[in-house]
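One-based numbering, in listed order, for ligands and for the atoms of each. Just so you know, these numbers come straight off a predicted model, no measurement behind them.
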Amino acid sequence: MVSTAPKSTEKLVDTEGTVRLTVAQATIRFLANQYVERDGTRTKFFAGCFGIFGHGNVAGLGQALLQDEIDAAGASKEPGLKYVLGRNEQAMVHSAAAYARQKDRLQAWAVTASVGPGSTNMLTGAALATINRLPVLLLPADTFATRVSSPVLQELELPSSGDVTVNDAFKPLSRYFDRVWRPEQLPAALLGAMRVLTDPVETGAATVSIPQDVQAEAHDWPESLFAERIWHVARPLPERSVIARAAEIIASARKPLIVAGGGVHYSGAEEALAALCEQTGIPVAESQAGKGSLRFDHPQSVGAIGSTGTTAANALASEADVVIGIGTRYSDFTSASRTAFNNPEVRFVNINVASLDAVKQGGVSVIADAREAIEALSTALDGYRVGDEYRSKVTELAAEWEDTVSAVYAAEDGTPLNQNQVIGLVNTLSEPRDVVVCAAGSMPGDLHKMWRTRDRKGYHVEYGYSCMGYEIAGGIGVKMADPDRDVFIMVGDGSYLMMATELVTAVQEGIKVIPVLVQNHGFASIGGLSESLGSQRFGTSYRYRSPDGRLDGDTLPVDLAANAASLGADVIAVTTAAEFTDAVKVAKAAERTTVIHVETDPLIYAPDSQSWWDVPVSEVSTLESTQTAYDRYADWKKVQRPLINPSDRSKEIPQ
Ligand SMILES: Cc1ncc(C[n+]2csc(CCOP(=O)(O)OP(=O)(O)O)c2C)c(N)n1
Ligand SMILES: [Mg+2]
C-alpha cells in the first residue's frame with residue numbers, strides 16, 4: 001500500500017516484463033491502447049477523457065492523466081488520453097454519448113468524476129447512454145476500500161451494508177459494472193468494460209468504479225496488459241432460413257412499409273437500404289434515431305413515423321399489411337403507443353442485431369446486422385415489386401406532406417417568427433452536411449416531422465431519454481466528433497436553463513457551435529400536452545406568482561441572451577426572418593460559439609401528425625376539462641393493439 005514507486009515511469013519496466021504503476025496510471029495506459037476494427041478499418045477507441053476533479057479522483061486518475069499529458073508533451077506526441085475539463089458531470093456524459101453517436105459507436109470517451117455527488121451526477125448520463133445504446137466509459141470515484149478513515153466526506157454510510165456505496169446506483173443503468181477493490185481485479189474489469197462497449201448488442205454505459213485509495217495504489221502489472229488491443233465490431237449474419245421466411249412474407253405484401261431506426265445508421269446501412277427500396281418500391285418511414293436513413297427527397301421516403309410522424313407515413317402505417325422494422329426499438333413514439341399499425345392483418349418482420357428488439361411486435365425476428373440482413377433480403381426479394389397503385393399513393397402522400405411543411409416553413413417578413421418558421425429557416429440556411437441537434441421540448445417532435453434531412457449524419461435528436469439539458473452538451477460532443485460540419489443546437493428556454501453550463505467548455509476548447517435559443521417563457525411542449533389531457537397548462541409557463549397564489553402572473557424578466565453572453569458566447573438576438581437570416585450568416589462565418597436568441601409564441605404548433613401518444617388521463621375528476629380529455633383518451637385506448645389477441649379492438653381512429 002505504501003507507495004515505493006520510482007518517480008518516473010520511464011524506468012519502470014523491469015526484466016521480468018512487469019511495469020509498476022498505480023491502478024489509475026494503469027487504467028489510463030490501458031485505455032489509450034484500445035482500438036476497434038470494422039470492415040477492415042481500425043480506429044483508436046477512446047478519443048479522450050472528460051473530467052471534473054475532487055477528492056476521489058484528483059490524486060488518482062487526475063495524477064495519472066497529468067503524467068500522461070506531461071510524458072506525451074516531452075515526447076512531442078498526443079497524450080494517450082486527452083483530458084477535457086467539463087462544467088457538469090451529467091453534461092460530460094452527454095457530450096461523450098453524442099460523440100459516440102456521431103461516430104457510429106466506433107469511438108467513445110471515458111468520463112471521470114469525484115466521489116459522491118460528482119459521481120452520482122453522472123447517473124442521468126448513464127441512463128441516456130444505455131437507453132440510446134451508446135458506448136460511454138464511466139469512471140466514478142468510490143469511497144475507501146480500506147475504510148480506515150470512514151465515513152469520508154460524501155460517503156453514503158448505510159447502517160445495513162458495508163459494501164454498498166452511492167455508485168451501486170450505476171448498476172441498473174450500466175450494461176457493465178465492476179468495482180475494483182483490489183489492483184488485481186483491474187484487468188478483468190477493463191477487459192469486461194471493453195467487451196461490452198464494442199459489442200453492438202450489449203453497448204451502453206460501462207462503469208468501472210475505483211475506490212480512491214485503490215486508484216493511488218501501486219502494483220506490478222504484466223507489460224502485455226498495455227499492448228495494443230483490437231476489438232472487432234461484429235456484423236452478425238442472418239440465418240438463411242430466417243431470411244427465406246422473411247422474404248416470403250414480404251413478397252406476399254401489397255402494402256409493405258419499412259420502419260428505419262438508429263440501427264440503420266450504426267450499421268452504415270443507408271446505401272443498402274436505398275438500394276432495397278429502389279429495387280422493390282417499398283416506402284421507408286423513420287423513427288427519431290433512424291431519421292436520415294434516406295434523404296428526405298428520396299422517392300421512397302415518407303419521413304417520420306408515429307406520434308410525431310408525417311401524415312404520409314402514418315396513413316401508410318395504418319394500412320400496411322407487412323411492416324419491416326430495421327434497427328428500431330419500436331418505442332411508444334414510433335408505434336404511436338401501439339396504434340400506428342392498424343391493419344388487422346398486419347404482419348411484422350423485424351431486423352435487429354439485438355434479440356430484445358427483434359422480438360417486439362411479434363412476427364419474424366431476423367437477428368442480424370442491418371446492412372447484412374438488408375443485402376440478404378435484396379437478393380431473396382429479386383423480382384418483387386410493389387404495385388403501381390401503391391407507388392403512386394406513396395408519391396402522392398409524400399408530396400402532400402411536403403406541401404404542408406413548405407406552407408408552415410414560409411415566414412412573412414417583418415413579423416415575429418414562430419417555431420415552424422425558425423425550423424424552416426435553420427433548415428434552408430444550413431448546408432446539407434450541417435447537423436441539427438435537439439433532445440427535449442416541443443422541438444424534437446417538430447424536427448422529426450418537418451426537418452428535411454439531406455445527409456446521413458445531419459440529424460441528431462436524442463429521443464431515447466429525451467433529456468432536457470442534453471442539447472448544448474450533446475452539440476459540443478457532435479462538433480468534437482465532426483469538426484467539419486456546422487452544428488445547429490435547437491434549445492428551448494427550459495432546456496437551456498437546465499444546463500447551459502457547457503457553453504463555457506465550448507469557449508475553453510475553441511469549439512464552435514450555433515445554439516438557436518428559442519425563448520417562449522416555459523414549456524410549450526408540456527403546456528400543449530397538459531391542455532390536451534385536460535390539465536389546463538397547469539404549472540408549465542415561467543411566470544411570477546400572482547397575488548391570488550397561482551403561477552400565472554407576468555412573464556419573468558429573464559434575459560437568456562445576456563446569460564449566454566456572460567458565459568463567453570457571442571450572442572445575436574433576432575425577431576424577424578431577415579434578422580434571423582443575417583444572424584445565421586454571421587454565425588456560420590464566425591469562429592466562436594454564436595448563440596441566436598429568438599422569441600416565439602408557444603401557442604403556435606406544428607402541423608398535426610394525425611396520431612396519438614398514450615399518456616394516461618385521470619379517470620375521475622371534478623374538472624370538466626379532465627372529464628372531456630378522459631373520454632377522448634378512452635376512445636384511443638380502444639384502438640391500441642394489445643400485446644396478445646389483437647382481434648377484438650376498434651379500428652376507428654378517433655377524429
Ligand atoms: C431532465 C428532464 N426533466 C423534465 C422533462 C420533461 N419535459 C419534457 S419537455 C419539457 C419542457 C421543455 O421546455 P423548453 O426547453 O422550453 O421547450 P418547449 O417545450 O418550450 O419547446 C419538460 C419539462 C425532461 N424531458 N427532461
Ligand atoms: Mg420553452
Checklist entry - Would you say Cys467 and ligand 1 have an N/O pair spaced under 3.5 Å apart? => result no
Checklist entry - Is Glu431 salt-bridged to Lys588, going by a charged N under 4.0 Å from an acidic O? => result yes
Minimum-distance protein heavy atom relative to [atom]:
{"atom": "atom 18 (P) of ligand 1", "answer": "Ala524 N, 3.5 Å"}
{"atom": "atom 13 (O) of ligand 1", "answer": "Phe523 CD2, 3.4 Å"}
{"atom": "atom 25 (N) of ligand 1", "answer": "Ser466 O, 2.8 Å"}
{"atom": "atom 21 (O) of ligand 1", "answer": "Ser442 OG, 2.5 Å"}

Next on the checklist: Restricting to N, O or S atoms, which atom of Asp493 is closest to the Mg ion (ligand 2)?
Outcome noted: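 Of all N, O or S atoms belonging to Asp493, OD1 is the one nearest the Mg ion (ligand 2).
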The one among [options] that brings a heavy atom closest to [atom]:
{"atom": "atom 15 (O) of ligand 1", "options": "Ser495, Ser525, Gly441", "result": "Ser495"}
{"atom": "atom 8 (C) of ligand 1", "options": "Thr600, Leu517, Ile526", "result": "Ile526"}
{"atom": "atom 14 (P) of ligand 1", "options": "Gly494, Ala439, Gly527", "result": "Gly494"}
{"atom": "atom 26 (N) of ligand 1", "options": "Met499, Glu471, Met468", "result": "Met468"}

Checklist entry - Looking only at atom types and distance, does a side-chain atom of Asn167 sit under 3.5 Å from a main-chain N or O of Ser119, one as donor and one as acceptor? => result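 Checking the backbone N and O of Ser119 against the side chain of Asn167, no donor-acceptor pair under 3.5 Å is found.
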Item to check | Whether Trp612 and Trp636 hold their rings parallel, tilted or perpendicular, with breakpoints at 30° and 60° | outcome: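 Trp612 and Trp636: parallel rings.
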Checklist entry - Should the pair Tyr470 and His460 be assigned to parallel (<30°), tilted (30 to 60°) or perpendicular (>60°) ring geometry? => result parallel
Checklist entry - Does the shortest distance from the Mg ion (ligand 2) to an N/O/S atom of Gly494 fall below 2.8 Å? => result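 No, outside the cut-off.
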Checklist entry - Would Asn520 count as a contact for the Mg ion (ligand 2), in the sense that one of its N, O or S atoms lies under 2.8 Å from it? => result yes
Next on the checklist: Does atom CZ (Arg592) have a neighbourhood of more than 12 heavy atoms from anything else shown, all under 6.0 Å?
Outcome noted: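 Counting other residues, nucleotides and ligands, CZ of Arg592 exceeds 12 neighbours.
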Checklist outcome for this item: Any heavy atom of Asp493 under 4.0 Å from ligand 1? The part involved is both
Checklist entry - Going by heavy atoms in the side chains, are Asp357 and Tyr330 under 4.5 Å from each other? => result no
Next on the checklist: Tell me whether ligand 1 is touched by Gly528 - counting only heavy atoms on the residue side and a distance under 4.0 Å.
Outcome noted: no
Item to check | Considering all heavy atoms, the nearest Arg338-Gln361 contact | outcome: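 Here Arg338 and Gln361 meet closest at NH1-OE1, 3.6 Å.
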Donor-acceptor pair between [X] and [Y] side chains, under 3.5 angstrom:
{"X": "Glu471", "Y": "His94", "answer": "no"}
{"X": "Ser442", "Y": "Gln419", "answer": "yes"}
{"X": "Tyr459", "Y": "Gln288", "answer": "yes"}

Checklist outcome for this item: Near Met498 (heavy-atom distance under 4.0 Å), the atoms of ligand 1 are 1 (C), 3 (N)
